[in-house]
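The figures that follow rest on heavy atoms only: side chains count, while hydrogens, waters and symmetry mates do not. For this chain, numbers begin at 1 and follow the sequence in order. Remember, it's 1-based here, ligands and their atoms both numbered in the order they're listed.
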Amino acid sequence: MGKRRPLVAGNWKMNGSRSESAALLDGIKKGVSSASKAEVAVCPPYIFISLAAKKLSGSAVAWGGQNLSVHKSGAYTGEISGAMLKDYGCTYVIVGHSERRTLYGENDALVAEKYGAAQAAGLIPILCIGETLHERESGQTETVVARQLDAVLDKHGVGSFRSAVMAYEPVWAIGTGKTATPAQAQEVHRFIRHRMEAQDKTVAESLRILYGGSMKGSNARELLAQADIDGGLIGGASLQAEEFLTICRAAD
Ligand code: PEP
């Protein structure tokens with residue numbers, strides 16, 4: 001970390017009731033001060049975003065969506081557009097999360113389209129990339145990460161990363177309790193930044209690359225201490241205010 005402002009973003013996934021979400025939002029809001037060095041954001045399920053907007057307006061905590069449609073509006077039952085998220089004050093939207101890629105068949109091309117749709121709506125995409133266990137064990141980590149990154153770079157150009165955040169999330173570490181070692185994570189973060197650097201040094205230096213995959217209060221500090229890890233995308237540990245706040249403090 002250092003020159004880049006750390007970001008800790010909570011991905012709530014499909015969890016929580018309305019009252020649990022309200023309590024979680026209150027707890028997080030109370031624990032984050034505007035003097036914090038790290039930026040903090042939460043990504044609740046769509047249906048709780050208006051609650052987040054109501055609770056977090058004027059606070060130091062930003063909010064965002066977990067997904068968006070590639071379309072602007074129209075006959076797309078069940079979908080939510082970037083403009084709708086923006087209308088509810090979202091700053092961020094997660095794009096290409098591994099659960100979207102594996103469970104909902106989102107391929108690199110669709111993820112790149114969603115990334116563009118997010119930026120067109122004035123949202124900052126948090127672009128997720130990462131390899132599966134099989135890919136890591138067969139030595140394909142860099143090939144896979146490069147392919148996922150290049151799909152977006154080729155379509156939108158390196159300049160688009162001036163208003164984007166990346167998240168390296170090894171699929172084998174998501175929700176499994178298995179965290180990448182700080183050295184394993186740093187190695188891939190370095191690789192991603194190098195690849196950006198080859199196209200634009202300034203963009204590469206200012207780009208925030210978050211780590212995601214079983215990050216929690218007890219392991220956040222050593223992950224966040226790595227030179228190219230600029231924050232975290234937090235799943236399970238973002239559902240408990242105190243646990244999430246411990247990570248936010250580690251990023252401070
Ligand atoms: C995620 O879903 O982005 C994630 C990192 O989940 P977890 O922290 O639960 O591994």
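Only one option out of I247, V42, L239 pairs with I234 in a side chain to side chain contact (heavy atoms under 4.5 Å, CB included); it is I247.
Remark: K29 engages no residue in a salt bridge (charged side-chain N to carboxylate O under 4.0 Å, His left out) (not counting sequence neighbours).
Contact annotation: the side chain of D108 approaches that of R101 to within less than 4.5 Å [non-hydrogen atoms, C-beta and beyond].
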Result block: side-chain N/O donor-acceptor pairs under 3.5 angstrom for residues 156-166, not counting sequence neighbours:
{"from": "H156", "atom 1": "NE2", "to": "A112", "atom 2": "O", "distance (Å)": "2.7"}
{"from": "S160", "atom 1": "OG", "to": "Y115", "atom 2": "OH", "distance (Å)": "2.9"}
{"from": "S160", "atom 1": "OG", "to": "G157", "atom 2": "O", "distance (Å)": "2.8"}

Solution key, residues 68-76 side-chain donor-acceptor pairs under 3.5 Å, sequence neighbours excluded:
{"from": "S69", "atom 1": "OG", "to": "H71", "atom 2": "N", "distance (Å)": "2.9"}
{"from": "H71", "atom 1": "ND1", "to": "Y76", "atom 2": "OH", "distance (Å)": "3.4"}

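No donor-acceptor pair under 3.5 Å is formed between the side chain of S57 and the backbone N or O of K54.
The immediate protein surroundings of ligand 1, defined as residues with any heavy atom under 4.0 Å of it, consist of N11, K13, H97, E169, A173, I174, G175, G212, G213, S214, L233, I234, G235, G236.
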